[in-house]
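Please read the structure below before turning to the comments.
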2 protein chains.
Amino acid sequence: MVHTDESCRKARLAVRDTLDVVGGKWKLVLLTILRRGKRRFRELSREADISPRILSKELQEMEMNGLVSRTVLDTKPITVEYALTPYSETLDEVLNAMEKWGQHHREKIMST
Amino acid sequence: MVHTDESCRKARLAVRDTLDVVGGKWKLVLLTILRRGKRRFRELSREADISPRILSKELQEMEMNGLVSRTVLDTKPITVEYALTPYSETLDEVLNAMEKWGQHHREKIMST
């Protein structure tokens, strides 16, 4: 990699753009769960251990950015189901790298 | 990928572990800058556009996790220089994927 100021600026901007969309404590965790299949709101809240209020906000932002789709099912009571969009698959490399690093880091910590 | 509950739990944990170490608004941006070469504290503060108080805290956490090294130079006034450690290179895949995605996402947004 050429380490010019311009390449640094561009890289910084790109990482910041990514963090603007999937940064924070929850979105990458939610994507990791939804990669395993669609989930209802309650299931997501339980699996991610996240309060309904925050989950609702996170999902709304992810929907706005085209990463998840929301389907209201005509059940009694109504259920709302979330699934990944095809566009979210562009994040596979990021998610895979994070999963791999987290595992690797845990093994390193455990072995010291 | 097999989508069992166990694989989901492990993946979730790994992503969370990664976010515990490099999550938040700044650390991945700071790593992106430091990949281009070592920096003095003031340079980092300016390039990342981050207040000295927060930068200091972020760098301390990164040092604790073995991602950056801190060198005090015997100049007048004293300067403190930060560089990436060899261990931080294990994050290359994460950083590359994030840079790539940010660029890709920006192009997508710009073209719509």
Side-chain angles (χ1 to χ4, degrees), chain A residues 1-39 43 47-49 65-67 87-88 90-110 112, chain B residues 1-39 43 47-49 65-67 87-88 90-110 112:
Chain A
M1 199 170 293
V2 190
H3 292 178
T4 63
D5 274 6
E6 177 57 18
S7 93
C8 184
R9 200 195 58 83
K10 268 182 87 167
R12 224 163 58 210
L13 181 71
V15 170
R16 225 168 235 164
D17 281 345
T18 304
L19 291 173
D20 279 347
V21 180
V22 294
K25 207 174 153 190
W26 297 111
K27 294 193 179 71
L28 289 164
V29 172
L30 293 171
L31 287 170
T32 301
I33 296 172
L34 287 169
R35 281 174 101 188
R36 269 71 192 179
K38 56 189 179 186
R39 293 284 193 282
E43 291 173 322
E47 281 186 61
D49 195 16
N65 280 309
L67 299 177
Y87 183 58
S88 77
T90 57
L91 279 163
D92 278 356
E93 220 175 301
V94 172
L95 286 165
N96 290 338
M98 287 211 148
E99 282 185 27
K100 216 167 103 182
W101 194 82
Q103 249 157 29
H104 166 261
H105 185 67
R106 177 169 286 258
E107 279 158 23
K108 186 202 158 226
I109 298 291
M110 295 298 197
T112 53
Chain B
M1 197 172 293
V2 191
H3 292 178
T4 62
D5 275 6
E6 176 56 18
S7 92
C8 185
R9 200 195 58 83
K10 268 181 86 167
R12 223 163 57 211
L13 180 71
V15 169
R16 226 169 232 161
D17 281 345
T18 304
L19 292 173
D20 279 346
V21 179
V22 295
K25 207 174 153 189
W26 297 110
K27 295 192 179 73
L28 289 163
V29 173
L30 293 170
L31 289 170
T32 302
I33 295 172
L34 287 169
R35 280 173 103 189
R36 269 73 193 178
K38 57 188 179 186
R39 294 285 194 281
E43 292 173 321
E47 280 186 62
D49 194 17
N65 281 309
L67 299 177
Y87 184 58
S88 78
T90 56
L91 279 163
D92 278 356
E93 219 175 303
V94 171
L95 286 165
N96 291 338
M98 286 211 149
E99 281 185 29
K100 216 167 101 183
W101 195 82
Q103 248 155 30
H104 166 261
H105 185 67
R106 177 170 286 258
E107 280 158 22
K108 185 202 159 228
I109 298 292
M110 295 299 197
T112 53

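Any value given below was found using the heavy atoms of this structure, including those in side chains, with hydrogens, waters and symmetry copies removed. Note that the coordinates shown come from a computational prediction; the quantities given were computed from them, not determined experimentally. Letters A, B, ... are given to chains in the order of the sequence lines, protein chains preceding strands, and every chain is numbered from 1.
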Can you list the residues that meet the side-chain contact (heavy atoms from CB on, under 4.5 Å) rule with B:K25, with sequence neighbours excluded? none
Residue pair B:E99 / A:A14: nearest heavy atoms and the distance that separates them: O-CB, 3.3 Å
Taking B:T32, B:L95, B:V22 one by one, which has the highest count of heavy-atom pairs under 4.5 Å against chain A? B:T32
List the steps and the verdict of side chain to side chain contact (heavy atoms under 4.5 Å, CB included) for A:D17 and B:H105. CA-CA 8 Å; A:D17 281 345; B:H105 185 67; 5.6 Å; no
Determine the sole option in B:T90, B:D92, B:V15 for which the side chain to side chain contact (heavy atoms under 4.5 Å, CB included) test with A:W101 is passed. B:T90
Between chain A and each of B:I109, B:V94, B:L28, B:L30, count heavy-atom pairs under 4.5 Å; write down the option with the most. B:V94
Toward chain A, the part of B:L19 with a non-hydrogen atom under 4.5 Å: side chain
The criterion is side-chain contact (heavy atoms from CB on, under 4.5 Å); which residues satisfy it with B:K10, sequence neighbours excluded? A:Q103, B:E6
Measure the spacing between CD of B:E93 and NZ of A:K100 and express it to the nearest 0.5 Å. 3.5 Å
Check: A:M98 main-chain N/O paired with B:T18 side-chain donor or acceptor under 3.5 Å: yes
So for A:L91, is it side chain, backbone, both, or neither that comes closer than 4.5 Å to the heavy atoms of chain B? both
Separation between NZ of B:K108 and CG of A:N65, rounded to the nearest 0.5 Å: 8.0 Å
